[in-house]
Trainee: 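Sharing a structure with you now.
Atom set for the values below is all heavy atoms of this structure, side chains included, hydrogens, waters and symmetry mates excluded.
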Amino acid sequence: MNAQLVGQLRAAMREGRLAAGERLPASRALAALLGVSRTVVTEAYEQLYAEGWLEGRHGSGTYVTDGVAADPAPVPEPPRGLPAGTRRPARPGEIDLRPGMAWVGALDTPAWRRAWRLAAGMPPQQRQEPHGVPELRAALAEYIRRSRGVVCPVDGLLITRGATNGLDLLAATVLRPGDRVGVEEPGYRRARAVLAGRGAEIVPCPVDGHGLVVDGLPDGLRLVYTTPSHQFPMGGVLPVPRRQALLAWARRTGALIAEDDYDGEFRYDVAPLPALFGLDPDAVVYLGTSAKILTADMGVGWLVGRPDLVAAIALRREDLNDRTAAVPQHALRLFLERGDLDRHVRRMRGEYARRRAVVVRALDGLRLRGDTAGLHLVVELPHAVAERVARDAEHRGVLVDPLERHHAGPRSSGGLVIGYGSAGSPAELRAGCAIVRELAAEAEPAAESGQDAAGASP
């Protein structure tokens, strides 16, 4: 559904039915008009924004980018792995075990409602500061120092609309068309889409059970995007010696490191490893988000870097007319200042640990990776088996993500990525994982016998 909407909007802009400078409907209004989930429309807009078709204008909405001209010539399909949103919304009754979503059932609390009520009563500002609300920046600087070991002055922190928005602003500031950018392989598809949308040449960088393989990094990269606290999707946690080697490589080559700390607060075997940024603030740009801590609906993230670089990003942001809505910023500020966020994270760390335990027990007997941190794990399966299990599970009302979806090039590993943040209850998790385990047990012998038959002499 998402891919269809992206294609239809692209075609409308190519053919001139949507003209340069024309305002698009709000995501909620278009979703209601089409009878689809708002998530479908939001992800379609994000994809077209990353490709440069759309632009946001503060306080006004989403517009077709100025300079986009009608062109009846067909647009070639983007490279495999770049589209940012091909997943469909879960239907009623389906068990959603796909990664990337936080459990929001614990958010309906008096503290949550009070923060939003008070934030909505804040007087509007004539002109927003491109760095973000100063009080939120101060509160966030204290929070990430305490929780992630990120020490930064307030002028080294900029409020974004999420980690992907922060990466886009960084790319818009430091990259030129044709610059080579390293991205983990397999890795986060939206990061690849954003960087490609800014004209970068994407260089796949292999990962192993510990995360990014630093020894394989080539020279000539302007930027490397990495998820060291919980590699997405394979789940490795980059050890300190490899972190030090990565920083030494960056200093030697002059490259920047974009650290996406999307779920670094959640680790279940030991205390969360401090962020990479703390080892070398000059070489690393730190990207954080409230999406996994609270909910993606909040739409607030943060970018931390050298103050001079952050100042340049803020200036570029002014050029792009990009802003983070003020009310969510104040809601998060109040949640932080009253200690509610710390209490919520402690509660959710326990909740996710229980959900992880349910998943691990339900998948007993299968090979698991990345189950010591974050909100997802990987079930290792041969490619053909993983694809069959994902297809058959969907027929039985269980949605899982094949690892194939997160590769940009030739597959180096096969399996399923299982998220435990979006299922409604531990009972749903248990039931969904039981179906996955059953289907995997059925599919593996069939795949092996098929291989034996293919390899047999005539």
Side-chain angles (χ1 to χ4, degrees), residues 20-29 42 45-46 48-50 52-68 115-144 152-174 194 198 285-291 294 296-338 341:
E22 186 170 346
R23 185 178 187 276
L24 273 69
S27 58
R28 191 183 302 276
T42 300
Y45 279 8
E46 288 176 353
L48 294 168
Y49 178 86
W53 290 96
L54 302 180
E55 63 183 5
R57 298 181 185 175
H58 172 57
S60 183
T62 301
Y63 290 76
V64 180
T65 301
D66 289 332
V68 170
W116 281 94
R117 185 173 63 251
L118 293 173
M122 298 293 295
Q125 298 297 309
Q126 187 71 28
R127 179 180 180 276
Q128 278 197 42
E129 161 63 45
H131 286 80
V133 171
E135 297 87 351
L136 173 58
R137 292 164 61 207
L140 267 174
E142 170 58 23
Y143 171 76
I144 60 177
C152 69
V154 173
D155 61 353
L157 188 151
L158 180 143
I159 305 300
T160 67
R161 290 182 282 109
T164 304
N165 175 234
L167 180 64
D168 185 50
L169 292 172
L170 174 64
T173 305
V174 304
V194 163
R198 290 296 177 185
V285 176
Y286 176 84
L287 304 171
T289 179
S290 60
L294 292 166
D297 280 349
M298 175 159 266
V300 177
W302 43 95
L303 177 152
V304 179
R306 302 190 317 264
D308 64 310
L309 176 57
V310 171
I313 293 171
L315 288 174
R316 181 66 173 130
R317 189 181 207 189
E318 288 267 55
D319 293 339
L320 296 171
N321 203 18
D322 181 278
R323 293 288 185 274
T324 305
V327 171
Q329 289 191 65
H330 284 296
L332 182 57
R333 171 183 64 82
L334 291 162
F335 219 60
L336 280 161
E337 290 175 350
R338 295 165 179 262
L341 184 63

Trainee: Testing the basics here: between Pro130 and Ala314, what is the closest heavy-atom pair and its distance to 0.1 Å?
Mentor: CB-O, 3.9 Å
Trainee: Checking the side chain of Glu129 only, and the main-chain atoms of Pro134 only, is there a donor and an acceptor separated by less than 3.5 Å?
Mentor: no
Trainee: Can you sort out the partners of Asp308 under salt bridge (charged side-chain N to carboxylate O under 4.0 Å, His left out), two or more places apart, ordered by chain and number?
Mentor: Arg306
Trainee: Of all heavy-atom pairs between Ala331 and Ala115, which one has the smallest distance, and what is that distance?
Mentor: O-CB, 3.6 Å
Trainee: Keeping the roles fixed (side chain from Arg316, backbone from Ala172), state whether a donor-acceptor pair exists under 3.5 Å.
Mentor: yes
Trainee: Drop me the distance from Tyr45's OH to Leu24's CG, to the nearest 0.5 angstrom.
Mentor: 4.0 Å
Trainee: Is Met122 close to Val133 at the side-chain level, that is, under 4.5 Å between some pair of heavy atoms?
Mentor: no
Trainee: So Leu287 and Leu170, do their side chains get closer than 4.5 Å, heavy atoms only?
Mentor: no
Trainee: Calculate, to the nearest 0.5 Å, the distance between atoms CG and CG belonging to Leu341 and Leu140 respectively.
Mentor: 8.5 Å
Trainee: Side chains of Glu318 and Arg323: does their closest heavy-atom pair fall under 4.5 Å?
Mentor: yes
Trainee: Hey, is the main chain of Ala171 close enough, under 3.5 Å, to the side chain of Arg198 for a donor-acceptor pair?
Mentor: no
Trainee: Can you see which heavy atom on Cys152 is nearest to which on Val304, and at what distance?
Mentor: CB-CG1, 3.6 Å
Trainee: To the nearest 0.5 Å, what is the distance between CG (Leu54) and CG (Leu48)?
Mentor: 5.0 Å
Trainee: So which of Arg317, Arg161, Gln128 actually passes side-chain hydrogen bond (donor to acceptor under 3.5 Å, both in side chains) with Thr324?
Mentor: Arg317
Trainee: Please evaluate residues Arg137 and Ile159 with respect to the criterion side-chain contact (heavy atoms from CB on, under 4.5 Å), reporting the C-alpha separation (whole Å), side-chain torsions for both, the decisive distance (0.1 Å), and the verdict.
Mentor: CA-CA 7 Å; Arg137 292 164 61 207; Ile159 305 300; 3.7 Å; yes
Trainee: Measure across Gly299 and Ser290 and return the closest heavy-atom pair with its distance rounded to 0.1 Å.
Mentor: N-OG, 4.5 Å
Trainee: Indicate the atoms forming the closest heavy-atom contact of Asp322 with Asn165, along with that distance.
Mentor: OD2-ND2, 3.3 Å
Trainee: First locate atom CD of Glu135, then atom CG of Leu332, and finally report the distance between them rounded to the nearest 0.5 Å.
Mentor: 12.5 Å
Trainee: First locate atom OG1 of Thr160, then atom NE2 of His131, and finally report the distance between them rounded to the nearest 0.5 Å.
Mentor: 13.0 Å
Trainee: Could you check Val310 against Asp155 for side-chain contact (heavy atoms from CB on, under 4.5 Å), going step by step and ending with a plain yes or no?
Mentor: CA-CA 8 Å; Val310 171; Asp155 61 353; over 6 Å; no
Trainee: How long is the gap from CG on Leu320 to OH on Tyr49, to the nearest 0.5 Å?
Mentor: 5.5 Å
Trainee: Show your reasoning for whether side-chain contact (heavy atoms from CB on, under 4.5 Å) applies to Val174 and Val285.
Mentor: CA-CA 12 Å; Val174 304; Val285 176; over 6 Å; no
Trainee: Once side-chain hydrogen bond (donor to acceptor under 3.5 Å, both in side chains) is applied, do any residues pair with Arg333, and if so which ones, sequence neighbours excluded?
Mentor: His330, Glu337
